[in-house]
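Working notes, structure below.
Note that the numbering runs from 1 along the sequence shown for the chain.
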Amino acid sequence: MVMALEVIDTSGGCGASFVVEIVSEQFEGKRLLERHRIVNAALEEEMKEIHALSIRKAITPGQWKQQEEAEKSNAAA
């Protein structure tokens, strides 16, 4: 299950290059390479039309929560 997803078109509007950030329970216990393979497999059909895909973040809900808390702490400081 995907808990959060951000897709950013970095192609200048032609839709050929994207950056994604994704939070999913499926990433639990998986290394970074395995996480990227999960994302690429899920986008198999779309990848035929995409020139470039950068997976900026592929994190678990726990990691996402830690990042959110750290950002709040930094903003309050």
Indicate every side-chain donor-acceptor pair of residues 46-61 with a distance under 3.5 Å to a residue at least two apart or in another chain.
from: Lys48; atom 1: NZ; to: Glu45; atom 2: OE1; distance (Å): 3.4
from: Lys48; atom 1: NZ; to: Glu45; atom 2: OE2; distance (Å): 3.0
from: Arg56; atom 1: NH1; to: Glu21; atom 2: OE2; distance (Å): 3.1
from: Lys57; atom 1: NZ; to: Gln67; atom 2: OE1; distance (Å): 3.1
from: Thr60; atom 1: OG1; to: Gln63; atom 2: N; distance (Å): 3.2
from: Thr60; atom 1: OG1; to: Gln63; atom 2: OE1; distance (Å): 3.3

**Prompt:** Hey, does Leu5 have a side-chain heavy atom less than 4.5 Å from the side chain of Val23?
**Reply:** no
**Message:** Membership question, hydrophobic clusters at under 4.5 Å side-chain separation (ILVMFWY): are Trp64 and Met1 in the same one?
**Reply:** yes
**Message:** With heavy-atom distances below 4.5 Å as the criterion, would you say the side chains of Phe27 and Ile38 are in contact?
**Reply:** yes
**Complete:** Separation between CD (Glu28) and CZ (Arg35), nearest 0.5 Å, reads 7.5 Å
**Message:** When you measure from the side chain of Glu69 to the backbone of Gln66, do you find a donor-acceptor pair of N or O atoms at a distance under 3.5 Å?
**Reply:** no
**Request:** Kindly give the heavy-atom pair with the smallest separation between Val7 and Phe18, and that separation in Å.
**Result:** CG1-CD2, 3.7 Å
**Message:** Do Glu71 and Glu68 have side chains that approach each other closer than 4.5 Å (heavy atoms only, starting at C-beta)?
**Reply:** yes
**Prompt:** Is there side-chain contact between Val20 and Ile8, with heavy atoms separated by less than 4.5 Å?
**Reply:** no
**Message:** Contact between Glu44 and Asn40 at the side-chain level, heavy atoms closer than 4.5 Å - yes or no?
**Reply:** no
